[in-house]
Amino acid sequence: MSAVLRLDAAQLTANVRAVRGRMDPADVLVVIKDDAYAQGVEPVVRAALAGGARWFGGIDVPSALRAKAVAGDAARVVAWMTVTEAEAQEALAGGLELGVGDAGYLERVASASEVVGRAAPVHLKIDTGLHRNGVRPEQWAAFCARAAELERDGRVRVVGVWSHIAEASDEEDDGSRELFDDAVRAMRGAGLRPEVRHLAASAAAWARPEFRYDLVRIGAFCYGIRSEGGPEIEGVRPIATLAAPVVAVCDDAVRIGIGSADGVASLAAGRIGVGTPAGVRALRAVGAFESEIDAWPGARVGDEVRIFGPGALGEPTPTDLGEAIGTVGEEPLLRVSPLVPRVWE
Ligand SMILES: *Cc1c(COP(=O)(O)O)cnc(C)c1O
């Protein structure tokens, strides 16, 4: 008996459908970074395709390559981490498109394309204030001029322009959007004709249509993770349930077979209730492999307890749990140990 991460493929399909409905006519890129938030790229891509997804994207090349291997020609897949020329070559050979937000990287991608033997599809990234990655506005014109030259030489094909925003305040996001619009104009002036402009992630895309452009990159909401401090999202529910069995019943406490080694934050002890057959019970203590919760009448070894999930037994959602320990809803998912089996149903 051990912990399990149960994943609901039909719910993921429904989430993707709901997000696509809301974003229409903008298209939706389903974010699959970090092994699809540690849930497993392949089943996530299959379920998202069933919901109509035609774009996937991630930071790391390996997750993106796995997505492309499943999707084939049914979807376009973008990887936006700045990587070595060798890794860019591997990405291009595997049919990926690349996010490029650095002049040196543009040259490496162009070299990689020669080895692969076809123009590299690239999405040029402007830094609109987040300073995480992306070409600074003052260097943008030169960057676009160089990209146009490489495009004429058949080494790159500029298919997109994009940026990433903080989504922390509307005012700051509006400033980013102005910089983005300027960048798109400058790019067209340089003779580039990107098919897709993409700026927003879950929160801004959901709430503010003017941020959607041609494509939005949605991670959290596809997995049923709402924004920290934000409202529940209509039509979207968590797809993951972290469950563990009762392994011992004492007088007023029950021990369950899951702990910090499996990915339950020690900090959650005393801060959340978990879902049990009798409803919510306080999580008292988190050990390495077992944890202790308040008992209920008739508790039996083997009963299922839920650490997080959609809430059917009163368990917190991943976002509720994240908030209780001072972080975002993705983190409880990313913490789940790779040794905990993922079971799709
Ligand atoms: C993770 C990520 C996203 C998705 O963000 P959500 O808020 O989870 O929708 C979008 N764009 C980039 C560049 C990202 O790294």
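Just so you know, ligand 1 is whichever comes first in the structure, and atom 1 is the first atom listed for that ligand. None of these values were measured; they are calculated from a predicted model.
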A.B. asks: Would you please write out the protein residues whose heavy atoms approach any atom of ligand 1 to under 4.0 angstrom, listed by chain and number?
C.D. replies: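 Ligand 1 is contacted, at a heavy-atom distance under 4.0 Å, by Val31, Lys33, Tyr37, Ile59, Trp80, Trp162, His164, Ala201, Ser202, Arg217, Ile218, Gly219, Ala220, Glu330.
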
A.B. asks: Would you list the atom pairs, donor with acceptor, under 3.5 Å between side chains in residues 265-283 and any protein atom, with sequence neighbours excluded?
C.D. replies:
from	atom 1	to	atom 2	distance (Å)
Arg271	NE	Leu267	O	3.1
Thr276	OG1	Ala278	N	3.0
Thr276	OG1	Gly279	N	3.3
Thr276	OG1	Gly279	O	2.6
Arg281	NE	Ala295	O	3.0

A.B. asks: Run the side-chain donor-acceptor check on residues 36-50: report pairs under 3.5 Å with partners two or more places apart or on a different chain.
C.D. replies:
from	atom 1	to	atom 2	distance (Å)
Glu42	OE1	Arg66	NH2	2.9
Glu42	OE2	Arg66	NE	2.9

A.B. asks: Output side-chain donor-acceptor pairs under 3.5 Å for residues 236-255, partner residues at least two apart or in another chain, one line each.
C.D. replies:
from	atom 1	to	atom 2	distance (Å)
Asp252	OD2	Arg284	NH2	3.3
Arg255	NE	Glu290	OE1	2.9
Arg255	NH1	Glu292	OE1	3.2

A.B. asks: Whether Arg76 engages the ring of Phe56 as a cation-pi pair (distance to the six-membered ring centre under 6.0 angstrom, angle to the ring normal within 45°) should be assessed.
C.D. replies: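 No, cation not above the ring by the 6.0 Å, 45° rule.
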
A.B. asks: Can you tell me how far CG of Leu106 sits from CZ of Arg155, rounded to the nearest 0.5 angstrom?
C.D. replies: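 These two atoms lie 9.0 Å from each other.
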
A.B. asks: What verdict does the side-chain hydrogen bond (donor to acceptor under 3.5 Å, both in side chains) test give for His198 and Arg212, after you've listed the backbone C-alpha separation in whole Å, the side-chain angles of each residue and the deciding distance to 0.1 Å?
C.D. replies: CA-CA 7 Å; His198 43 115; Arg212 291 179 196 152; over 6 Å; no

